[in-house]
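Proteins get letters first, then strands, A, B, ... in listed order; numbering begins at 1 in each.
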Amino acid sequence: MKVSQLFGRTSKTEGLDSNIISHRLLTQAGYIRESTAGRYFFLPLGQTVQNNIIDIVRKHMDAIGAQEVLLPTLHPLELWKETNRTTSAGFELMKIEDRRGAEFALGGTAEEMAVDLARKFNVSYKDLPLSIYQFSMKFRDEVRARGGLLRVREFIMKDAYSFGTEEQFKDTYQKYWDAYKAIYEELGLKVDVVAADNGYIGGEYCHEFISESEVGESRYFIDQQSGYAAHEDVAVFKVDDKNLGEELRDLQEVDAERGTTMEDGVNLHNMPLWQQTKDVLFFDEATKRYILALIRGDFDVNETKLMQAAGAWDLRAATEQEIREDLGSEPGFISPVHFPKKGAKSGHEVVIVGDKSLRTVRNMYGGNNKLHKDLLNINIDRDYQLDVEADIALAKAGMISPDGGTLVEKRGIEVGNIFQLGYHYSNLMHDAEYTDEQGRRQKYYMGAYGIGIGRTLAAVVEAHHDDKGIIWPENIAPYTVYLARLGEADAVIQKADEIYMSLTKAGVLVLYDDRLGTRAGEKFADADLLGIPYRLVVSDKTLASGQFELKKRGAAEAQMLSQDAVINSFAKSTTNLL
RNA sequence: CGGGGUGUGGCGCAGUUGGUAGCGCGCCUGGUUUGGGACCAGGAGGUCGAAGGUUCGAGUCCUUUCACCCCGACCA
């Protein structure tokens, strides 16, 4: 490809007010251009890189026996209704109608479609396990697009779906896990594999593949010694026992002229934070219930865990008005002791969810559902009962992992995930079944596996760049060699053309900077910005010496090679060069 | 959805008390240059986000609306 003919140009100035490096570099170098928020044009260079990534992903999917398909972009809305995901999907579904008024969802993920395809066939146990995958545009009406390609509203995703028996699943899951590790390694991305929450996808467990990065949106914890790794949504930690040796003392109401914070309680009673009860009141819009979350005072409530424990979907904080008028309590003085079972005015049910840590303390103190009144010596079971007891605590850096090591907090970009779905979809959708050895119909045990291509591309740039621009790993670079022609003497042009032709013939991907009237500095700057792995210079200088200057992107020194040496080294292999 | 901000040639921006829309970069032409983003001369390109209003006259004032950015909330 000749630079003079390449569509999409670099820009001397950054001209973009983003704190995400990949966003700035990809835009400045002419790989992408924003359309509207969260929707991007991929220019020829960007599309080439995207295709290179797709090729690598495809290779590894094929290697584990997954079969490529293409599902329709428009999903009949009835399918999403069949699994109740028109309301529970974590992203807003985008819907459209055709001229007859038939409703469709723009695909944001495709579990229903995959099941619908599978059930159109008479699948036998002999066909299992079965995996299908596709590369297709996904649509998500994100509340807020962010960070260039990191969080967008339309993107190409590799999504795979596995069907099989429960016994087969472990092996299938492991195959995807290994394939993902191989994919990211080939892409030059270091990833942490982290246990996470299934959320709206459904199922019981899943793992995210996260590329560590300060600009990532995923927060997770790692125990370096044991390798324990978990997303903050699900991370667990060891809770220490406090004063379990103490006698249970009598419940007692005291005056409490204090503010509404935890610190106010500590200061007034001059007792430790961990002995205070933390009472957080939520309302679940999905099930129309109040959720009172109780936890030891030195911990915070993890809303994801809380939703799992309470079976809630759409949590929000209760308002002061609701606390006072509907529940007869007082913000800052909420207590589980004699807390109402339902809202007096609304009739909404109240569910009390308590954290396991409540079992590590005796004689707690906290509010008494009245302004400026506190209770002392609150004890679980004796003074209040839980509807649900679970781990709803938020892990923090420095806490002890379940394996005994210390939790270290990290941030990163979630570039892929693998989900156990189990019977979730087979239970919700009719005929999601195969025929077993006895000729009986059995439900599929399923998994789902996603990789965001554009986000992965951005993650690679986040991991591979310097102050001059991108530094592509060779196997996804849009071109291998940037041939910079300096000077416009006939001999130089002729020689550069010749080298371009012979390299191209040898199968080397060359981006030939044949621009006239463009100075050396500009060509070098573009080569660096674009991140092409090798820069080859042809000029009257190199012509005089009979050798050509070859420089690896990011290397300090260039090397002088004869024409044959240049051609041969690239034609054979580029991996051990320089 | 809450708070803050911005919409003016491809990009980045200026535009005073309302009076014929400008600058830098980029682009095109000619010339001089040519190893880390040159210089001179000439040129093309804008219904000033949209709609309505006030006015002799609106980029500027008023109303409505749309889009986008940042911070939260929320979420791959």
Side-chain angles (χ1 to χ4, degrees), chain A residues 7-20 23 27-28 30 33-39 88-93 108-109 138-155 157-159 194 196-201 206-211 216-219 231 233 285 303-304 307 313-317 412-419 448-456 458-459 468-469 484-489 492 513 515-529 535 537-545 548-549 551 558:
Chain A
F7 176 57
R9 63 181 66 249
T10 59
S11 166
K12 186 158 65 175
T13 50
E14 276 192 353
L16 189 67
D17 186 24
S18 169
N19 47 358
I20 309 294
H23 189 194
T27 304
Q28 192 188 344
R33 189 63 171 265
E34 187 173 67
S35 167
T36 58
R39 301 177 207 282
S88 71
F91 52 90
E92 276 298 302
L93 261 189
T109 172
K138 296 293 181 289
F139 299 84
R140 298 189 177 182
D141 196 3
E142 294 285 348
V143 269
R144 192 179 147 207
R146 196 192 144 260
L149 298 182
L150 288 182
R151 170 160 234 92
V152 294
R153 298 195 167 107
E154 286 187 28
F155 60 100
M157 183 191 224
K158 186 284 297 176
D159 47 328
V194 167
D197 181 59
N198 288 49
Y200 59 84
I201 301 281
C206 70
H207 288 85
E208 294 183 353
F209 289 71
I210 300 183
S211 168
E217 298 181 296
S218 296
R219 200 188 299 272
H231 194 277
D233 288 346
E285 292 285 358
E303 290 191 28
T304 304
M307 286 196 282
W313 266 114
D314 190 8
L315 228 46
R316 63 161 171 84
I413 302 162
E414 182 196 340
V415 288
N417 48 31
I418 53 179
F419 289 87
Y449 318 85
I451 289 180
I453 302 300
R455 183 183 275 186
T456 299
K468 288 179 177 160
R485 185 184 72 199
L486 309 183
E488 288 161 19
V492 172
D513 195 343
R515 287 176 293 179
L516 298 170
T518 303
R519 297 161 72 90
E522 196 170 340
K523 295 191 175 184
F524 291 157
D526 277 348
D528 290 341
L529 178 62
R535 187 185 78 196
V537 175
V538 176
S539 68
D540 45 8
K541 241 191 239 180
T542 65
L543 221 55
S545 73
F548 301 92
E549 176 188 307
K551 184 167 177 294

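The CD atom of Glu488(A) sits 11.0 Å away from the CG atom of Asp540(A) when rounded to the nearest 0.5 Å. Between Glu208(A) atom CD and Phe419(A) atom CZ the span is 7.0 Å, to the nearest 0.5 Å. Note: Ile413(A) CD1 to Leu149(A) CG = 10.5 Å, rounded to the nearest 0.5 Å.
Here the side chain of Leu529(A) is nearest to one of rC27(B), rC75(B), rG37(B), namely rG37(B). Comparing atom distances between the Arg33(A) side chain and each of rG37(B), rC68(B), rG10(B) picks out rG10(B) as nearest. Considering only the side chain of Arg151(A), rC75(B) comes nearest among rC75(B), rC74(B), rC11(B).
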Dump the pairs, protein N or O against N or O of nucleotides 2-8 of chain B, anything under 3.5 Å, distances to one decimal.
none

Interface polar pairs with nucleotides 31-36 of chain B, N/O, under 3.5 angstrom:
{"residue": "rU33(B)", "atom": "O2", "partner": "Arg519(A)", "partner atom": "NH1", "Å": "2.8"}
{"residue": "rG35(B)", "atom": "N7", "partner": "Ser539(A)", "partner atom": "OG", "Å": "3.4"}
{"residue": "rG35(B)", "atom": "O6", "partner": "Ser539(A)", "partner atom": "OG", "Å": "2.1"}
{"residue": "rG35(B)", "atom": "N1", "partner": "Glu549(A)", "partner atom": "OE1", "Å": "3.0"}
{"residue": "rG35(B)", "atom": "N2", "partner": "Glu549(A)", "partner atom": "OE1", "Å": "2.3"}
{"residue": "rG35(B)", "atom": "N2", "partner": "Glu549(A)", "partner atom": "OE2", "Å": "2.7"}
{"residue": "rG36(B)", "atom": "O4'", "partner": "Gly521(A)", "partner atom": "N", "Å": "3.4"}
{"residue": "rG36(B)", "atom": "O6", "partner": "Arg535(A)", "partner atom": "NH1", "Å": "2.6"}
{"residue": "rG36(B)", "atom": "O6", "partner": "Arg535(A)", "partner atom": "NH2", "Å": "3.3"}
{"residue": "rG36(B)", "atom": "N1", "partner": "Asp528(A)", "partner atom": "OD2", "Å": "3.0"}
{"residue": "rG36(B)", "atom": "N2", "partner": "Asp528(A)", "partner atom": "OD2", "Å": "2.7"}

Listing time: all N or O pairs from protein to nucleotides 41-44 of chain B that are below 3.5 Å?
none

Could you spell out the base pairing of RNA chain B in dot-bracket, with Watson-Crick or G-U pairs whose two distances are under 3.5 Å, [ ] crossing and | to another strand?
-> (((((((..((((.....[..)))).((((((.....)))))).....(((((..]....))))))))))))....
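For Arg153(A) and rA67(B), the CZ to P distance is 10 Å, given to the nearest whole Å. Rounding to whole angstrom units, CE of residue Met157(A) and P of rC75(B) are separated by 17 Å. Between His23(A) atom NE2 and rC68(B) atom P there is a gap of 13 Å when expressed in whole angstrom units. The distance from atom CZ of Arg9(A) to atom C1' of rC27(B) is 7 Å, rounded to the nearest whole Å. Rounded to an integer number of Å, the gap from Glu208(A) CD to rC75(B) C1' is 11 Å. Distance, Asn417(A) CG to rC75(B) P: 16 Å, rounded to whole Å. Taking atom CD on Glu303(A) and atom C1' on rG72(B), their separation rounds to 14 Å, with Å as the unit. Whole-Å rounding puts the Leu315(A) CG to rC75(B) C1' distance at 14 Å.
With sequence neighbours left out, Glu154(A) forms a salt bridge (charged side-chain N to carboxylate O under 4.0 Å, His left out) with Arg39(A). Under the rule for a side chain to side chain donor-acceptor pair (under 3.5 Å), Arg33(A) has no partner lying at least two apart in sequence or in another chain. In this structure Asp526(A) satisfies the salt bridge (charged side-chain N to carboxylate O under 4.0 Å, His left out) test together with Arg515(A), sequence neighbours excluded. Residues passing the salt bridge (charged side-chain N to carboxylate O under 4.0 Å, His left out) test with Arg485(A): none are found, sequence neighbours excluded. In this view, Arg455(A) satisfies the side chain to side chain donor-acceptor pair (under 3.5 Å) rule with no residue, not counting sequence neighbours. Residues satisfying the side chain to side chain donor-acceptor pair (under 3.5 Å) test with Lys158(A), not counting sequence neighbours, are Tyr180(A). Applying the ring-ring contact (aromatic ring centres under 6.0 Å, His included) criterion to Tyr449(A), with sequence neighbours excluded, gives Tyr176(A). For Arg151(A), the salt bridge (charged side-chain N to carboxylate O under 4.0 Å, His left out) partners two or more places apart in sequence, or in a different chain, are Glu142(A), Glu217(A).
Taking atom C1' in both rU16(B) and rU63(B), one finds a spacing of 25 Å when rounded to whole Å. Comparing rC40(B) with rU55(B), their C1' atoms sit 46 Å apart, to the nearest whole Å. Of the C1' atoms belonging to rG12(B) and rG52(B), the separation is 32 Å, rounded to the nearest Å. Distance noted for atom P between rU47(B) and rG22(B): 14 Å (whole Å). Separation of the C1' atoms belonging to rG46(B) and rG2(B) is 36 Å when rounded to the nearest angstrom. Using P as the reference atom, rA44(B) and rU65(B) are 41 Å apart when rounded to the nearest Å. Here, rC68(B) and rC25(B) have their P atoms 31 Å apart, quoted to the whole Å. Atom C1' of rG24(B) sits at a distance of 27 Å from the matching atom of rG19(B), rounded to the whole Å.
When the nearest nucleotides of RNA chain B are assigned to Glu34(A) and Leu150(A) by heavy-atom distance, the more 5′-ward of the two goes with Glu34(A). If you find the closest nucleotide of RNA chain B to Arg455(A) and to Gly147(A), the one lying nearer the 5' end belongs to Gly147(A).
Nucleic acid contact class of Thr36(A) (heavy atoms, under 4.0 Å, all strands): sugar-phosphate only.
Pairing each heavy atom of Leu486(A) with each of Lys523(A), the nearest pair is CD2-CD, 4.1 Å. The two residues Leu543(A) and Val492(A) have their closest heavy-atom pair at CD2-N, 3.8 Å. When all heavy atoms of Ser11(A) and Thr13(A) are compared, the pair lying nearest together is OG-O, 2.8 Å.
Between the side chain of Asp233(A) and the backbone N or O of Ala196(A) there is no donor-acceptor pair closer than 3.5 Å.
With respect to Glu522(A) and Lys12(A), no salt bridge is recorded, no charged nitrogen being found less than 4.0 Å from a carboxylate O.
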